[in-house]
Structures are given as C-alpha cells and as structure tokens.
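The structure under discussion appears below in the form of structure tokens.
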Amino acid sequence: MSERLAVPREWVLNAESEYRFELDPGTSVAIKLVRGQAEIFGAELVEGKTYFFYEECKAAIFTWQGCTIEITGQPSTEYISDETAMNAYGNIHLALEAMRIRALDRTKSNQPQGYGSDSQSSEPPRVLILGPENSGKTSLAKILLNYATRAAQDWCPMLVNVDPGEGASMLPGTISAAAIPAPLQTSTPAHRLGRAATTAPTHMTSNSLLPLAYWYGHAEVKRNPLLLDRLIRNLGENVWDRHEDDTQGRVSGVIIDTPSSFAANTGGNADHRQALIKACVDAFRINVILVVGHEKLNAEMQRTYAKHITVVKVPKSGGVVELDAPYRSRIHKYQMHSYFYGERFTLPPGMPSLTSAPAAAGYLVGGEQIMDFTLAPSSFVVPFGDLTMWRIGEETMAPSSALPIGATRVVSEMQPIQVDPSQAGSGLYNAVLALLASPNPDESERYDEEILDLHVVGFIVITNLDIPNKKMTVLAPTQTSLVGKTAIVGTFEWEE
Amino acid sequence: MSLYPQSQGYAQVGYAHAGPAYPPHQPPPQPSYYGVTQAMFYADPTHFRRDYTARLGQLTFNSRPHIQSLSMIAQDYTRYADIVVQCVEQHIRRAPPHTKLPAFYLLDAMSKNVFDPYARLFAPVVVRLFLDTYEVVDQATRHKMEEMLGTWRTGAPTGRQLFGVVAQQAIEREIWGGQSTQSVVRRLPVLSHRRPRSTRGKQNTSRPGQAPISTAQVLSELEFVLSSKERTLQVNPYDKQAATHVQILQQLRKVVQAGVPQDDLGQILTQLRTISPAAPTVAQAPPVVPISQPYPSSSSAAPYHYPTPVTLPSIPSASYPISPSYPPSNPVLPKAEPAEISSLTSVASAPVASTSTLPSVLPINVSSLFNKIMQTGVLSSSASSTPPGSRSATQREDSAAPSDTVELAKEYTNTVLTSAPKLTSVDILKHKPAVAQLLYSRLPGQCKQCGLRFPVDASGKKRLEEHLDMHFAQNRKASQANGRGYNRSWFVSIDDWLNDGIADPKGKRRAVGFKATVKGGAADEAAQRDAELRAMRVVVPPGDETKSFSCPICKEILKPEFNEDDEEWVWRNAVLKDERIYHATCHAEAMLSKTSLATRLKEETGRSRSQTPELLRSPARANLSLPGEPMKGGSPSPSKLVGSKRKVDAEGSVSSRDSPTPPMKKVALSAA
C-alpha cells in the first residue's frame, strides 16, 4: 500500500474547475503544478514547485484556465468539481477593485475625504462577511484579500478577524487586524489567514504579519458579548487611526471575517448578534456586507442596512466542509503548537526528505522554502508576584438570561478580577494567557478597566504551579522578564 | 540546478554573483560539516595555523564541501585572517599545478563571501599569485582561471572589482594584453576609470604599439556577458530581449571562435563591455585599441588559443550556480546549443537590411554582423548612449519608456472600471469575470519563488527586480542566521502598528511604492528613520569601556554611555558591521549608494592599509567578534537581537535601492 502512495498521481483540471482535498490527522500531501496556472484560495501556485499541506488541511486548487497537477500522498477525500462560486467571487473582487481605484483617484485629485453617505461612490471597500457555519466565509475573505494583493497595484488591504474561535494569524480567543501585503498562503489550518512574525526570515510577507490583537479569551461569542463588542470597537478605532495617515492602506480597504454566530438564527441570542453586527458596522464603517449562502440573513441585513450599505447575497461554494467540534479543538492544538514551536509535519511516504531533497525539487511549505521551521520557545520559573493575572468577569458565567428573574450579577461582565495563583482552583494550570502591552505610563491617565483596552503582545502558558514555593513555570515564545507585566486568562487551555 | 537546500545555504551567498563554475565533482555537501566547523576551537594562532594548513593540504581536488568548510572556518576566525591568507598563499605556491585551482576557488570563495577582510588582505598578493599560477597550469585550468577572473570584475558586494581596480587590471593586462607594451591608460588605471570612453571612430583608427587582442580574451568576456544574460533570462523567462541577447551572443561566440580580424575583435570587445551587466566595467576606458597590424584572421594566431571543444561545452548554462534568490530553473531555460548562423537573421528580425549577406558558413564579415546586431538594438552604439552605471541594456530601455507605465496603469483602471459588475446579488452572477486576464495574462513577469506577478512595463520590471532582491536578501539572512534558534516574535506595540503602514521600518512591506507619492511623507519617513537609527546602540564589550573606537566613516570617536535601563555600557547611534563599529546614521547613509563613502573606504583599505586607522580597529575585532550583537531599544532578550540585526540589514539593502540620492546630500543629512 505505502509503496503505491509514493507514486505521484496526475490530475488534469479543466478550466474553472477545482481539485478539492481533505487530509486525515497525521497525514500530509504534496501538490505540484505541472502545467498551466492554478491558485489556492486566490494565491497563485508556482509551476514546478512542490507545495505541502498537512494537519488536516482541507483546501481546493482552482484553475481559471485549466492545469495539470501532481499529487503525492493520500488525502482522505479528493475529487474534482466544476461547480464553484469563483465566478461570483471574481466579480466581487472586480467590484471591490473598482471601488479602490475610484477611492484612490479621489484621494489623488485631492478632494476632501468625506465619510458621509453622499461620497459613498468613492469610498474604498470596507467589507463585512457574514454567513452561517461552514459557509466558506474565511475562504471568501482569503480569496478577496489575495486577489487584491495580486493586482500589482500595491494594495495592502486590512484583514480583520472578529471570530474569536478562528485565531487568524494568531491564536483563538483573539480578535485581530493585520495588513496583508502579499497573498496569504495555505498549508495548514493552523494558519488559515497568514502567520504572525517570527525571528526567522521569510519570503512571503504574509508569513510574517504584524497583527494588532485584543484578547477576548473564549471561543464562543455568546460567552461575553459585551466584552467582544468593546474589543471590536477598540480594534475599529485603531484601524481607522492607522488608515488616517496611510492612504494606500485606507484605499485598499478592510475585509472582515466574522464568527458564524453572527448569522445564527436560533432565537435566544438574537440580541447580542444584532448588537455585534452593529458594532462591526460602526467600528469599521462598513459599506459592503456580503452574506454567504443565507437567504434569511440576507433579507434581514437588507432590511436593516440597505439604506447606507450595499448588501450582497453571495453563493456558497460547494466545496465547504462540515467542521465538527473535535476538529476545531485539534486545530486549536495545532495553532498553539505552531505559535510556540513552529511547524511540524511529516512528508508523504516515499518522498525524499526535506534535508536530502535537492532544492530543485522546489519544496515549499506555506510559500516558504524549506528551512528551519522549528521555533525555540522559552520555559522558565517565575515567582507568583512577578506577573499580575486577571480574569474578565466571572470564571463560569451563565448568560444574563439564565439568571433567576430579578437577580443581578455580583460581578459584571466587564469587571477585571485578579487571579491568585496560590489558591487552589485558580484555573491557571495549563491555561493560555495573553500578555498585554504596558499600561499608560502616566498614572493620572489610568482607569479601572484599562486592561480591557490593552492589546496583546504575546501568549504564555502556565505549565506548572508550585504553590508551596509560590512559583510557576511559564512557557513563553522567547526569554523575557515578566516582572510587572499584566496577563489575562481566558478559557483556553493547552497541554503539550 | 545546483541550488542547494537552505540548510546548507552558506555557499549560496557568494556564488550568486556569477561565481566560477565549480564542476560538481562531489555530491551536494552533507550538512554534517557544520558540526565539524562548530566543534573546532583554536586556542592560539599557532594551533590555528597548523590546523588550517593541514586542512588545506586535503584540498587536492575540486571539492565544494571542502572549499565551503575551509571558507566557513575563515569566516568564523577573521581574527586570524592574516594567517589564513598566508596559509592559502603558501599552499597555492607549493601545491602541484593540478591542485592549485581548487585552492584558487577557495581564495575566490573567501574573498567574495566573507569579503572583508579577505578581499583586502588578498589584494596585495593576488596578482603575483594568479600570474605565477597561470604560467604553470595547463590550458583547461587556465580557462577556468580566466572565468574566475571575469567574475572578479564585479565580485565585490558593491559590484566592483573584488580586489580593486589595480589588481584586476594588472592581471588582465598580463594574461590578455600585450606584455611588453603598456599604454598610458593602463598604467594609470585610476585615471582611466574617469576618462570618458573613447568614441567608436577612435577605436577604429589603428594605433601602433598597442597590444593585440586575443581571441581568448574576447571569448572569455563574451562568455561572461553571455552567462549573465542567461541568468537574467532564467530569472525572468518572459524577458524576450534577454532571450534575443543570449541567442545573438551565442552566434557571436561561434563566429569569434572561428576567427575574426583584429579590428573586429576590438569592436566586439568594446561592445561587450558596453552591454556587460557590470557597471564599473562599463565605466572603464576600454583598454584595448586595435592595432595597425591586423592579425591574420585565423584564431591560431591568438596567443592563447583554446581548441573549440574545450571552450564550447564548458559553458552550458547549467554549470553556472544560480544565486539563491532565483528559483531553480524551469524547463524554459534556453538551450545553449548554438543555432545555425542563418537563424540569427530571423532572430534579429525586421529592420535588418541585407540579410542575404550572411552566409551560413565561414568566413564571415563580422562587422556587418555587428551592425545588424546593433540595429536590432541588442548592443547599442558604444560611447554615445550608455550612461555609465546602467546595469544592462534591458534597463536602459526601461528608462526610455516611462509612458509605457502610465498607459498600462490606465488600461488596467479602465478595464476594471468598465468590467466591474454592480455589487448586487444578481449582477455578480451574470457575467464571467475577467479575473484570469487581470491577474494572469496582464502580468507576465512572474516571480518564480513566490508566484507574485508584475507587469512588463518599466516600473513593473523594476519592482520585480526589487522583489527578487528581497528574496535574495531573505535567502542570505536565512543562510547567515543558520544555527541560531528562531522564535515567535512579540507582537508590535500599538504605536508601531499604527505607523506600520506609513513607514515600515523593516522595509518588508513592499507595498511602499506609494510612499513617495504621499506629500511630505518622504521627509517624515527620513526623520523617523533617522530617529530610529539614532536609537540603535551596541553594547560595549566588557573591559573595553575605556578604549576608544572611531567610526570608520566620519572618524569621530564613539563615546560609550551608561544605559540606566539595561545597566550596560553602550554606544549610542552605533551599529556593528563586519566587526567594526559604525555610527548607525553614517552606516545607513553609506549603504544608500554604491559610490558611497563606505565603498571608497573599502577600496582605500584594499589599496593601502596603512592609511586606515587600523590600530583603532584591531582590538575591536578581537573583542567584538563574539558577544557584540547590535542592539535596538531596550529589548531585553538576546534572541530579539537576532531580529534587530536583520532589521538593519534589510533596511540597508532596501534603502540602497530606494533612494539614489547623491552621496553629498546624504553626508549633509547625517551631519544635520
């Protein structure tokens, strides 16, 4: 069996069709473009290079003109489909591109940049993508971003991820914004939307993104919608600030990927859902809403926003895969591992290993040449007192609606509570904490809930608690001093 | 092709610039030799000398791993550079003729890859060494040496002569030029460097007393230009012009090998130097002027004649190592098989008047061939058009057509605006989008590394070039940083993030083309960059607080300061480069231009070491080699240093291309 797998198989794709594949855990696949032109979520493949996919990657190689690809390794599912939504996506890209060109034109001709509805026609695209679970929102965002970066117009669109379950170029639990200067690569679901910078040199700038992130701390939106609302508005304000001085960035526009719960139509949480969409629309001054494959939501959005915002119903790709909860938790593990230790994958059986393969084989992982993917994190022991740790709201927080009638919370959703590691049941063991930026140096400028508005500088995991000696072992991306630092714990845990 | 995996990236660095072809006698080096290198520890110079000599003794055949490991040691122990140089020189002199060449390759590798101090230290001895060796080796080896000599013309990181213009010309004169007669021009190479190129008419007038040009010399130069063109073509297979160049040069080679009169040889040589990608070579006055006594038009009269079977097959393009930034060549590579001469006319195409005058067999009227070549615009008529410093004929053409760019941009805008559908649920489903055209066929210039595409107009080519430079820099960094651990970076602070889009300090975001268009942005950027540079610092190695070091550029003494935050002595506004301390601002300015102070400084040191403040530097070299990493801000962790060092590199390399400000202006800026 395994010998047979080593033999590369060729697939011939007709124009406007795509080869879809899904991988099982622990397997990988190598794909080489033999002839023609092909792209993966909008990022072009280079002919003759071998691209690797791993960690249960589920992706599709699409071709506008037709191509031949060579597959080594055995995906759990693979097939060719000529029913794609790429025509619609391509048209959307063109429409957005026209908006960018008009916006740039207007900027160049020095007209005052107004943001009222009257100047709508020359506004750069600020796109909110909504859709139910498994509708391909993230893929659409990726395609639109990649097409923009490939236009050779020096666009540098802003990718905003407000889905705390996704993680984008960071870790789940965050919402983040990153300018995308080059096509986002696909190799593993751990980095569906680019990688955050490491100290290693990279060829693709999309593999060393510099995101700005806020820590929400939970995967589910419903857990603390008020906090998420506030963080979204913080993020929006910063994106806006940044674009004030950055014409090209502003003109390139913003594309926002949202959690599926924004589209969920189960009655109970309709309130927060509407509120969060509103938060996004306000914070990022959305002028285009794309609703992927959801008639009812489309109608609802039309009703609410159509006056000022273009609401477009977008077909869902036939290639979307149902993702279950165990899958998502495995992805989280991959993401954590990747954040601290870098990439880890095994080659498809029978392929020459990374070190022995000649460079002419053109091995690429996520667009990078084979190099040292391994990152060296740092584990060290610190006294409890070095690091101030907080939790936002109660540890186990029932939704407000679940409280007894008439009861109010003892602790509000937005209240930071300091966590004492020396107490049993602090919940810190194996917890993922977000290390925050330093607060305002000016004491008089500080306020109670300031830590809610501090962005993330990195993540740490507490791998051991030594309560008798008041010490804990911390895993950090690099050796650092934690003295005086602030960190927030969420509900994420990770064990190597 | 001979692109080695990243993990063995060291050798990629130097052989990037048209390194001589090291025939692959050996399989690709095993990664294990790093282990060997790192395991060595030399307690004292004597021990080092003994060991290095012993290792040199093993270099009896052309073995890439051997050369690499020896070169690695040399890089790691630059404090023993003098010893290395002595050892290599002695080895070359003592070795039997057939083992001299590998040692020369080692010399070549060290000088190119490590450059400083090796190129400087070898410069005084290399001329004699080369010529003495050249005398005793056989024809095939001589040819290899000539190839290597060709790469030295542009071997320095600055694109200049590896061992300085004096050494280069001295060698070339001896092996190619006449040995008895030396023109004034040649005796004063520095003068000749600035002398305007002689006009074509003047070259045609014969002058007595000049050395004849040998076919071998012309061939050697031809090969050099041809190989560089071939590389251009590999990088950008869509470059039709380069493809035409390659074909015509191949034709030319055939013709020259068959033998041409002296006059024509002279012309060819001049033309070759004009289109040669090496700027400094172009700038030199052609040292060759045809003589009155034309050689009989048979190649056998040339002093060094190579039987064609030797020269021709030794140049298949595949034997040239490609720089790491270029993707492994694809099958698009043109075959080096010489086509029929008659096919030249079809390549040279339309404007050629009398195609029939070209017979398919020899003898051939080279002048008329040349005229044709020039008519097709491959080789421009010598002195007139080429500005010194233009890197290739291709580029010259680019600058000639800026309107091209505007047109293309307009066309794109129009296409998008007209074909863009209305953004409604119905309209986006109606038509087939022109995406394939806009994202693929409109942008034929593709980077073979990452797949990004660029238009074919002038600005597109420039951007592709910059883009490839970026890859090259990344590869170099990757190979230099080999062995150091990587780690995830902390995310940037909010202030940095907010300003990242305007002036990206890393120069990584290549979406910067617009920056220049932002009014006032350039000044702000310069100010910010200056502030950043001034914030850089280098930690004073323990024990050196009281010693004085001066910036090699401005000669000012760097004063150590005590940094309260980190509790360390530091030099502010300082950067550690090649184990010398520079003012960060001075260094950045110097990096901005190839004709910069640093370049001149390097050349000066190459010529006469006594002039440079060697005394001041030498203690620094010994002490700083290990602990001193450049440091930025108060970054607390050693691993961050790695990142910040790269940052400087990136900035230097990028900015040197971005702003071709004249050096004078920069000096003023740094003084301000």
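- With a 4.5 Å cut-off on side-chain heavy atoms, A:Arg250 and A:Thr107 count as touching.
- Residue contact with chain B, scored on non-hydrogen atoms closer than 4.5 Å, involves the backbone and the side chain of A:Glu44 alike.
- Side chains of A:Thr480 and A:Ser378 form no contact here, defined as non-hydrogen atoms less than 4.5 Å apart.
- For the pair B:Gln449 (side chain) and B:Leu468 (backbone), a donor-acceptor distance under 3.5 Å is absent.
- Ranked by heavy-atom pairs under 4.5 Å with chain A, the list B:Phe454, B:Tyr440, B:Tyr412 is led by B:Tyr440.
- At a 4.5 Å heavy-atom cutoff, the contact between A:Ser338 and chain B is made by backbone and side-chain atoms alike.
- Between A:Pro125 and the choices A:Met99, A:Glu97, A:His93, the side-chain contact (heavy atoms from CB on, under 4.5 Å) rule is met once, by A:Met99.
- Neither the backbone nor the side chain of A:Ala437 comes within contact range of chain B; no heavy atoms are under 4.5 Å apart.
- Only the side chain of A:Leu435 has a heavy atom closer than 4.5 Å to any heavy atom of chain B.
- Both the backbone and the side chain of A:Ala177 come within less than 4.5 Å of a heavy atom of chain B.
- A:Arg150 places no side-chain N or O within donor-acceptor distance of the main-chain N or O of A:Pro183, the cut-off being under 3.5 Å.
- Residues A:Asn87 and A:Glu16 bring a donor and an acceptor atom of their side chains to less than 3.5 Å of each other.
- Note on ring orientation: taking the six-membered ring where Trp is involved, the planes of A:Tyr147 and A:Trp64 are tilted (angle from 30° to 60°).
- Contact count versus chain B (heavy atoms, under 4.5 Å) is highest, among A:Leu454, A:Asp241, A:Ile92, for A:Ile92.
- Among the candidates B:Leu439, B:Leu417, B:Thr424, B:Val426, the residue making the largest number of heavy-atom pairs closer than 4.5 Å to chain A is B:Leu439.
- No other option in B:Leu429, B:Asp427, B:Ile494 has as many heavy-atom pairs under 4.5 Å with chain A as B:Ile494.
- Both the backbone and the side chain of A:Gln153 come within contact range of chain B, each with at least one heavy atom under 4.5 Å from a heavy atom of that chain.
- Looking only at heavy-atom pairs under 4.5 Å with chain A, the residue among B:Pro421, B:Cys450, B:Gly451, B:Ala420 that has the most is B:Pro421.
- The parts of A:Val239 that come within reach of chain B are both its backbone and its side chain, each placing non-hydrogen atoms under 4.5 angstrom from that chain.
- Both the backbone and the side chain of A:Leu212 come within contact range of chain B, with heavy atoms under 4.5 Å apart.
- Between the A:Ser208 side chain and the A:Thr198 main chain, no donor and acceptor come within less than 3.5 Å of each other.
- Using a 4.0 Å cut-off between charged side-chain N and carboxylate O, B:Lys461 and B:Glu465 make no salt bridge.
- Ring to ring, A:Trp215 and A:Phe459 are close: their centroids are under 6.0 angstrom apart.
- At a 4.5 Å heavy-atom cutoff, A:Pro377 makes no contact with chain B through either its backbone or its side chain.
- In this structure, no portion of A:Leu290 lies under 4.5 Å from any heavy atom of chain B.
- For a residue to count as touching a neighbouring chain, one of its non-hydrogen atoms must lie under 4.5 Å from one of that chain's; by this rule B:Leu423 touches chain A with backbone and side chain alike.
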